[in-house]
Amino acid sequence: MTDPSKSTQDSVSSSPLMWVCEKHTPNDVYHHGVDSVVYAQRTSYQDMIIADVGPYGRALFLDGALQTSEGDEAHYHEPIVHVPAVVHGSPSSVLILGGGDGGSAREALRWKSVDSVVNVDLDGDVVEACRKYMPSLSQGAFDDSRCTLVIDDALNYISNCDATFDIIVCDLTDPVDGGPSSPLFTHEFFTKLRSKLSPRGALTLQSGTVSLVENPITLPRIYRTLSEVFPHVHIMQIFAPKYGSPLALSLASLEPVTLPPSTDVDRVFASQLSGQNRVLDGRALHGLFAIPKYLSMAIKGDQTNGTTSNQTGSLMQAMPQVSTDT
Ligand code: SPD
């Protein structure tokens, strides 16, 4: 996170070099002003840009979509890891799918009870570029002796995996039609994940924007698909400002979720985590579950069937990107 004592104006350039333009709807564009492109590559799977974006520091874009920025990444990485860890209570084994920037692995390794983190990412080029150009994200997590980095398709890894895990973190790109993550938002894949979750375990899944104006179908359909597979599914809402609108994280488990009171969560964080959280304390963690009424109604009211592996294009259409020039 950026230093809040530093004025935003201090790091605002008078005129960015170029703009990366994320189209959120046909009528809404988030322009990210880029001061310098640090690294750009067409990998085997996606277009990657790492760039300095002013007050938010350094940012990673994949296929034109902002994935993470140094300035607000903790708003995402703390909840996606620490909520399932608190639900479990004392996790020892963690599986991260995606998460090539290393932020989720970093947070998982802060748990003193954790003795094994397996991080599976499809794209070794993204992992290497983030280690090199955004080291504050992983902070050495992939060099930790408790962490195993696997470069593989998550579907392939899960299909051949014998282990079970206390926490599974699906730190994925959006399920865009034709994108690398869309097969990982299906009934079949969730069924495989269920068999890899330990009985008291919990799974989190990056589930896209909570704006039903931007994406009316995506979140209700993800909730529906997860609910076909897991007996207990909850939606949390996080806000990392650089995404433009709040994101949903789904939480799925085999046993009912009973959150400890916030003061107990504070005690767990103080005793079981090394270092300090920047975003989550007990009250903030509880607050993630306070989603707006319209969202609760929409996800519970969706009576369609969940997404199967032959419908992966049905979740989110790619939004045509606009020019990245000034
Ligand atoms: N709409 C953008 C969703 C980005 C999710 N990926 C975040 C990666 C952080 N490790």
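Both ligands and their constituent atoms are indexed starting at 1 by order of listing.
- Heavy atoms of other residues, nucleotides or ligands lying less than 6.0 angstrom from NZ of Lys112 number more than 12.
- Transitive grouping of hydrophobic side chains (ILVMFWY, heavy atoms separated by less than 4.5 Å) brings Tyr39 and Val126 into a common cluster.
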For His82 and Glu78: C-alpha separation, side-chain torsions, deciding distance, then whether side-chain hydrogen bond (donor to acceptor under 3.5 Å, both in side chains) applies. CA-CA 6 Å; His82 299 321; Glu78 287 187 17; 5.2 Å; no
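- In this structure, the separation between CD on Gln276 and CG on Asp281 is 11.0 Å, given to the nearest 0.5 Å.
- Ring centers of Tyr56 and His32: at least 6.0 Å apart, outside the cut-off.
- Looking at Glu73 and Arg58, no side-chain N of the basic residue comes within less than 4.0 Å of a carboxylate O on the acidic one, giving no salt bridge.
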N or O contacts of ligand 1 with protein under 3.5 Å, please list pair by pair.
residue: ligand 1; atom: 1 (N); partner: Asp174; partner atom: OD1; Å: 3.4
residue: ligand 1; atom: 1 (N); partner: Asp174; partner atom: OD2; Å: 2.7
residue: ligand 1; atom: 6 (N); partner: Gln67; partner atom: OE1; Å: 2.9
residue: ligand 1; atom: 6 (N); partner: Leu172; partner atom: O; Å: 3.4
residue: ligand 1; atom: 10 (N); partner: His77; partner atom: NE2; Å: 2.7
residue: ligand 1; atom: 10 (N); partner: Asp101; partner atom: OD1; Å: 3.4
residue: ligand 1; atom: 10 (N); partner: Asp101; partner atom: OD2; Å: 2.5
residue: ligand 1; atom: 10 (N); partner: Asp171; partner atom: OD1; Å: 3.1
residue: ligand 1; atom: 10 (N); partner: Asp171; partner atom: OD2; Å: 2.8

